[in-house]
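In what follows, a structure is listed as structure tokens, so that the remarks can point back to it.
Values below: all heavy atoms of this structure, side chains included; hydrogens, waters and symmetry mates excluded. Values in this document were obtained by computation on a predicted structure and should not be read as measured data.
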Amino acid sequence: MRQLIDWSTQPGAPEPGIVLADETPEFAHLELQIARALAQPPRTLPHLAARLPVHGDGCTARCC
């Protein structure tokens, strides 16, 4: 990520944002990859994060 940020500040770097042609075989392949990834079960168990204890100050962490 740092390399991308550094590169974006150089003269001649493209303007911010991503422009993709969406009527190409490459874009269709990307859509298929995303659909397949979203069809997979989650890699973590969401219910584990939902059951954190909340202390009197509203903080779920006991670090301070």
Would you tabulate the side-chain donor-acceptor contacts of residues 30-40 under 3.5 Å, counting partners in other chains and residues two or more places apart, or write 'none'?
residue: Q33; atom: NE2; partner: H29; partner atom: NE2; Å: 3.4

Nearest non-hydrogen partners of S8 and A13, listed with the distance: O-CB, 3.5 Å
Qualifying salt bridge (Lys or Arg N to Asp or Glu O under 4.0 Å) pairs with a residue from residues 1-14, counting only residues at least two apart or across chains: R2-D6
